[in-house]
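These notes concern the structure reproduced below.
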Amino acid sequence: ELPALKNGIIEMKSSSIPIRQRFQTIREEKKTNLCLCADLTSLDEIIELSKQVGPNICMLKIHCDILNDFSMEKIQQLKNISRTFNFLLLEDRKFADIGNTVQLQYTKGLFQIATWADLVTVHVLPGEGIVQALEQSVQSIDEPRGCLLIAQMSSKGALTNNEDYVKGVIKCTEKYSDYVIGFISQSRLTTDNKFIHCTPGIHLNNTGDQLGQQYVTPRQAIDGRGADILIVGRAITDSINRIKTCEEYQQEGYNVYEQLRNI
Ligand code: BMP
C-alpha cells in the first residue's frame with residue numbers, strides 16, 4: 001500500500017535501514033555497484049526488466065515523466081520488486097526550482113514521487129533552500145528518503161563543471177548530510193567516504209552519442225574518477241541481450257572496485 005498524503009505530508013508505516021547503509025550492504029552482499037538507468041517509455045517493460053536484472057543491480061534509475069503508462073499501481077509493483085531484489089529506486093527528477101514549487105513537485109501531481117522514490121536527483125542552482133524544502137516534505141515519512149546533488153554533468157559543455165559551482169554543491173552536501181547521501185559527479189569531490197559518488201556517462205564501446213553525451217569506461221569511472229556507483233543506460237538497454245550485458249557491467253564494475261579496495 002502506498003502511504004496516504006495528509007496535508008501534503010506523507011504518512012508511511014514501515015521502517016528500514018538508512019539509505020547509505022543500505023547501499024554499502026547491497027554492494028557487499030550482491031557484489032554490485034551498478035545502477036541500471038532504464039530510460040524506457042513503458043513502465044511495464046521496466047517492471048519486466050527489473051525482475052530479470054534485479055540480482056545484478058544496486059540501484060534502478062528511472063525518469064517517471066517519460067513513461068507512457070505510469071500509474072501508482074505499477075510504480076508500487078516496481079517498488080515491491082526493488083524490495084524483493086534489494087535495490088534502491090532513484091527517480092532522476094533533477095529538481096531545480098524554488099522551495100515551494102519543488103515541495104509540490106515532490107509530493108503532488110500524477111507522480112507523487114516522495115511516496116515511492118528512495119532517492120531523487122537535485123540541482124543546487126536555486127540555492128540550498130531547494131534541499132531544505134525537499135527534506136522538509138519527507139520529514140514524516142516513516143521510511144528513509146534521500147537525494148543526490150548534481151555536482152558535475154557528463155554532457156559536453158556542461159555549465160556545472162565550474163569550480164565555484166562544484167564547491168557550492170559540496171558545501172550544501174556537507175550541511176544537509178542526513179538527507180543528501182552523495183553526488184552525481186564526474187570526479188571524486190570529497191575525501192569523506194560517507195558521500196556516495198554516482199557517475200553517469202558509462203559505456204564500454206562508445207565515446208558519446210549524437211546529442212552531447214560523453215562516455216568513459218567503467219574502469220575509467222571508478223579508478224580514474226572515483227565513482228562508487230556506475231550509472232549505465234543505453235549500453236545495456238540498447239544491447240541485444242540486456243541481461244547478459246547487465247551482468248558484464250556488474251562484473252567489470254565490481255572487479256575494478258575490489259581491485260582498488262585491495263591495494
Ligand atoms: P545513457 O547511459 O544511456 O547515456 O544514460 C545516462 C543517464 O544518466 C540518462 O538517464 C541521463 O539523464 C542521466 N545523466 C547523464 O547522462 N549525465 C549526467 O550528468 C546526469 C544524469 O543524470
Side-chain angles (χ1 to χ4, degrees), residues 16-40 43 45-64 66-67 75-95 113-122 138 143-151 154 173 179-186 193-203 218 221-222 225-237 242-243 245-254 256-257:
S16 43
I17 326 162
I19 292 179
R20 267 194 194 94
Q21 207 176 315
R22 243 191 99 195
F23 162 64
Q24 315 282 5
T25 314
I26 293 172
R27 179 166 60 184
E28 302 315 314
E29 283 179 0
K30 292 174 66 179
K31 296 192 183 310
T32 178
N33 49 21
L34 176 65
C35 167
L36 172 66
C37 153
D39 286 346
L40 308 171
L43 187 48
E45 197 180 345
I46 293 175
I47 287 170
E48 283 317 304
L49 182 60
S50 68
K51 286 184 206 161
Q52 294 171 322
V53 302
N56 309 105
I57 59 175
C58 64
M59 195 190 292
L60 180 74
K61 179 173 96 59
I62 64 168
H63 286 284
C64 63
I66 65 170
L67 298 168
I75 205 73
Q76 183 59 52
Q77 238 178 295
L78 185 64
K79 179 154 180 160
N80 292 342
I81 294 165
S82 79
R83 292 292 179 257
T84 305
F85 289 99
N86 199 15
F87 59 80
L88 295 160
L89 197 50
L90 165 63
E91 162 51 33
D92 192 4
R93 177 61 182 75
K94 295 192 176 69
F95 290 107
I113 294 166
T115 65
W116 52 266
D118 297 309
L119 288 164
V120 291
T121 52
V122 182
V138 290
E143 195 184 68
R145 290 284 177 268
C147 82
L148 294 163
L149 299 186
I150 295 157
S154 59
T173 304
Y179 179 60
V180 182
I181 68 147
F183 309 97
I184 299 288
S185 66
Q186 292 292 314
N193 285 334
K194 82 164 175 263
F195 296 116
I196 300 165
H197 291 65
C198 305
T199 301
I202 310 284
H203 211 297
I222 298 171
R225 301 180 171 214
D228 294 307
I229 294 183
L230 301 174
I231 299 181
V232 186
R234 287 165 290 177
I236 293 169
T237 54
R242 289 172 174 170
I243 303 171
T245 311
C246 202
E247 284 168 3
E248 282 167 14
Y249 277 83
Q250 175 197 2
Q251 272 164 21
E252 176 66 8
Y254 197 76
V256 179
Y257 159 70

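The figures here come from the full heavy-atom set of this structure, side chains too, leaving out hydrogens, waters and symmetry mates. A quick note: this is a predicted structure, and the numbers were derived from the prediction, not measured.
- Note that CD1 of Ile196 and CG of Asn33 are 11.5 Å apart. Values are rounded to the nearest 0.5 Å.
- Once rounded to the nearest 0.5 Å, the distance linking NZ of Lys194 with CD of Gln24 reads 12.0 Å.
- In this structure a side-chain-to-backbone donor-acceptor pair under 3.5 Å is missing from Asp118 to Leu88.
- Taken from CD1 in Ile62 to CG in Leu40, the straight-line distance is 10.5 Å, to the nearest 0.5 Å.
- Although no hydrogens or angles enter the test, the distance criterion places a donor-acceptor pair under 3.5 Å between the side chain of Lys30 and the main chain of Phe85.
- Across all their heavy atoms, Leu49 and Thr237 have their closest contact at CD2-CG2, 4.4 Å.
- Here the CZ-OG distance, from Arg225 to Ser154, works out to 9.0 Å after rounding to the nearest 0.5 Å.
- The closest side-chain heavy-atom distance from Leu67 to Ile46 is below 4.5 Å.
- Under the 4.5 Å side-chain criterion, counting only non-hydrogen atoms from C-beta, Leu230 is not in contact with Tyr249.
- Residue Arg20 comes nearest to Ile181 through the heavy atom pair NH2-CA, 3.4 Å, listed as atom of the first residue, atom of the second, then distance.
- The shortest distance between side-chain heavy atoms of Val138 and Tyr179 falls below 4.5 Å.
- Ala114 approaches Arg145 most closely through the heavy-atom pair O-NE, 2.8 Å.
- Tested against Asn80, the residues Gln76, Arg83, Gln77 include a single side chain to side chain donor-acceptor pair (under 3.5 Å) partner, Gln76.
- Ser82 is not listed as a side-chain neighbour of Leu60, based on a closest heavy-atom distance of 4.5 Å or more.
- For Gly253 against Ile222, the heavy-atom pair with the smallest separation is O-CD1, 3.3 Å.
- With sequence neighbours left out, Gln21 forms a side-chain hydrogen bond (donor to acceptor under 3.5 Å, both in side chains) with no residue at all.
- When all heavy atoms of Ile202 and Ala235 are compared, the closest pair comes out as O-CB, 4.0 Å.
- Not one N or O on the side chain of Glu247 forms a donor-acceptor pair closer than 3.5 Å with the backbone of Arg242.
- Residues passing the side-chain contact (heavy atoms from CB on, under 4.5 Å) test with Lys94, sequence neighbours excluded: His63, Asp92, Thr121, His123, Ile150, Met153.
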Intermediate values then yes/no, side chain to side chain contact (heavy atoms under 4.5 Å, CB included), Leu36 and Phe87: CA-CA 10 Å; Leu36 172 66; Phe87 59 80; over 6 Å; no

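- Using the six-membered ring where Trp is involved, His197 and Phe183 have ring planes that are tilted, between 30° and 60° apart.
- Partners of Glu28 by salt bridge (Lys or Arg N to Asp or Glu O under 4.0 Å), not counting sequence neighbours, listed by chain and number: Arg261.
- Listed by chain and number, the residues in a side-chain contact (heavy atoms from CB on, under 4.5 Å) with Glu252 are Pro218, Arg219, Val256 (sequence neighbours excluded).
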Residue pair Ile113, Cys64: steps toward the side chain to side chain contact (heavy atoms under 4.5 Å, CB included) verdict: CA-CA 9 Å; Ile113 294 166; Cys64 63; 4.2 Å; yes

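- For Gln250, the side-chain contact (heavy atoms from CB on, under 4.5 Å) partners are Thr32, Leu34, Asn56, not counting sequence neighbours.
- To the nearest 0.5 angstrom, Ile243 atom CD1 is 11.5 Å from Ile236 atom CD1.
- Proximity of a side-chain donor or acceptor of Arg27 to a complementary backbone N or O of Cys58 within less than 3.5 Å is not detected.
- In terms of heavy atoms, Pro200 sits closest to Ser185 at CD-O, 4.0 Å.
- The distance from atom SG of Cys246 to atom CD of Gln52, rounded to the nearest 0.5 Å, is 10.0 Å.
- Cys37 pairs by the side-chain contact (heavy atoms from CB on, under 4.5 Å) definition with Asp39, Lys61, Ile231, not counting sequence neighbours.
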